[in-house]
Amino acid sequence: MNPHRRKLLITATFIVVGVAAATLLGLKAFQENLLYFYSPSQIAAGEAPLTRSFRAGGLVVEGSVTRDPESLIVQFVLTDTIENITVVYDGILPDLFREGQGIVANGNLQADGKFEAFEVLAKHDENYMPPEVADALTKAGVDMSSGKGHLQQ
Amino acid sequence: MIPELGQFALILALCMAIILAVFPIVGAARNNSYWMSLALPVARTQFLCLVIAFAALVYAFITNDFSVTYVANNSNTLLPVQYRISAVWGAHEGSLLLWALILGIWMFAVTLFSRGLPEEFVARVLGVMGLISIGFLLFLLLTSNPFERILMAPQEGADLNPLLQDPGLIVHPPMLYFGYVGFSVAFSFAIAAMLGGQTDTSWARWARPWTIISWVFLTLGIALGSWWAYYELGWGGWWFWDPVENASFMPWLAGTALIHSLAATEKRDIFKNWTILLAICAFSLSLLGTFLVRSGVLTSVHAFASDPTRGIFILIFLGVVVGGSLLLYAMRAPAMASIGKFSLISRDTFLLINSVLLVVVMLTILLGTLYPLIIEAMGLGKLSVGAPYFNAVFIPLMIPVTIALGFGMFTRWRKDQWSRIWAKTRTAAIASIVIGGLLTFMLVDSAILKTVAGLSIALWILITSIVSLTTRRKSLTFGFCGMSSAHIGLAITIIGITISSNHSQEVHKRMGPGDRVDVAGHTFELVKISELPGPNYQATEATINVYRNDEMITSLRSQKRNYFARGGMPMTEAGIDPGLTRDIYVSLGEPLGEGDWSLRFYYKPFIRWIWLGALFMALGGILAAMDKRFRLKKTKKSAIILDKDTVLSTT
């Protein structure tokens, strides 16, 4: 093998290994960070995973918000008008969180059937309905229209 | 009457765009100089029509003409006048009009600054820009007409989204659009070069200042957006990998790759095809970005279904632009093969690594942004890609880019020896690691590997940039200073990102007046909560005193505003005490009953450096664009002679 060819071979090997490693790394990160959406009906039907995080969304039921008097812990019920899911969150809710509003929460399903959220999202437009929630509600037979906006935590 | 005038001007602009797209291009192909000579006056007329149309919409906003649907949906009599003007581009229709206007401005600029270029080349460039205008103006007129009237005009408008009622947001969209649309110039230059079958690299030289200036606008636009998100969204974040942000970041990455690749193409006659692909790519991503953000496709796939004409139009337009230019590329690229040769160890290689990696980074972001849309469109369920994915791929891929950057500045074009480069950079490499480690221990209490690595990389860029500047001091050009400034800017931004993301502290707390909390060596006292009226909102304001070592250093105010017109839509105004080495940030959360409120407290070290770095990058771009090599000589022929000394001394 002449020096030129060897250099070429080394370079090619280097590139192939590099690309393979980067792809593997990227796909792994990608797979781990996919958050699937489940509606309250799907959660009630046992379709949602117990072992990984996912997104749950629906309308905040009127009068369902209860706060812990000492801390920031807050509890509320999400509905798609057929089934409900109770969400627990320790933190500050976004500006546009309101009863009757459509919201999306990222978190995990607990053994007691409650959803522990690490993030609660509401869009920054008072007419906004998260598309997932709108879709879930449509499936449940509610007439919906959607809007757009910037995500706010 | 005025809105109809705007509408008429818009139709006239479309007519001009059609003339522009047909005659100069055909004229250039047939060598008909009369047809080519139409390009300049027609492009200028189109620009004028767009100015009139835009002015008409601004007028409708200032005079609160709620008989225009778009005005009624996005303005209000209580809205302060500066926000009435910025409301013009606050939503879909108006922002598309702004896009079209800015395209007109760039076309006008091309007519002004291309006197030294060959006539057929200018004709083709303006013709391609005319083609792009046709797409946009048709889109405006057919699916998103900002001048549409309501039959029964309402007494009052719906108001601008309160989030957009902010000085930063007056400037941010135009900046971003100047960047996006500016890439259409580089794109048009590349297409014109292919149409004309140009085998030399003069087009790359002509395209460089335009690309750099667009990149400057885009850099500033993104930085402004990030800064705005930081102070306006009320929770101290500056980048969320939100699809809307990704839409602006992808063209930036492609544009950065393009700037570097153009430099290599122009100087060394290499990567010609790759550069053309990048020019197509940068502009296509700008188009994709505009549409994704503005059409609502991204935040809600349902916008597709609710207004199918818009969605289909977008797809067709994107298809025509991307497909058409790639088809042309496939036909013409083989004839434009690069002449220059280079060996493995050369500046050429480093520039190639840089642009390939930047494109890979861009593709990973594209994957994360579009994947949820594709999955949903195919009915395979709904999902989203979390921010950790983007961090996990972005950071490792950027590390080799930054390392290559430092070596690249010391490497010669065409051929170099590794031993020579290493001899020049060895000290810088060791120094950056040692100082990076030392600085970590000095600046932050809890040293972690990530901080050491981030600071070392930033120092590596900083030291190599400064050393290469000083060794060149006898033959410094604007181009070289610009490059150094932009690289130093990158280093500053990396320092800001590293320290602020690894060493920020935050506390969320339930508090009543008189309560105190300690965060990062500072004591925050909630003094009082009071009511405060605003022009179109009612605010609740918290006053917070900040103490350090029992000494009061500042008093911050954070507001929770309820905007009247939007059913009392709430908005948070954060209280920030800015500083070069740290920001103190307070934002009012929600009322919890019994006079208690939730509050967020943040201590964010070095966060300003993120945007400071962007300023250096922009300054670098401006300097580079001023380089004398880009000044056109008054020649009739397409051959513009390279002056040898600047070739050797700039990048």
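Side chains are part of it too, since the values below use all heavy atoms of this structure and drop only hydrogens, waters and symmetry mates. Convention: sequence-line order gives letters A, B, ...; per-chain numbering from 1. Keep in mind the model is a prediction, meaning the values are calculated, not measured.
Among A:Phe97, A:Phe54, A:Phe30, the residue making the largest number of heavy-atom pairs under 4.5 Å with chain B is A:Phe30. Ranked by heavy-atom pairs shorter than 4.5 Å toward chain A, the options B:Pro400, B:Gly368, B:Pro388 are led by B:Pro388. By number of non-hydrogen pairs under 4.5 angstrom with chain A, the leading residue of B:Ser598, B:Gly589, B:Ala392 is B:Ser598.
When ring centroids are compared, A:Tyr89 and A:Phe76 stay outside the 6.0 Å threshold. Aromatic ring centroids of B:Trp239 and B:Tyr230 lie 6.0 Å or more apart.
Within the 4.5 angstrom heavy-atom criterion, only backbone atoms of B:Lys509 (N, CA, C, O) approach chain A. Interface residue B:Leu344: only side-chain heavy atoms are found under 4.5 Å from chain A. Only the backbone of A:Glu70 comes within less than 4.5 Å of a heavy atom of chain B; no side-chain atom from C-beta onward does. For B:Tyr371, the part lying under 4.5 angstrom from a heavy atom of chain A is the side chain only.
Relative ring orientation between B:Tyr563 and B:Tyr537 is described as tilted, the plane-to-plane angle lying within the 30° to 60° band.
Remark: B:Arg561 engages B:Glu573 in a salt bridge, criterion side-chain N to carboxylate O under 4.0 Å.
Side-chain contact between B:Trp597 and B:Leu592 is absent, with no heavy-atom pair separated by less than 4.5 Å.
Every ring-ring contact (aromatic ring centres under 6.0 Å, His included) that B:Phe342 has, sequence neighbours left out, goes to B:Phe271.
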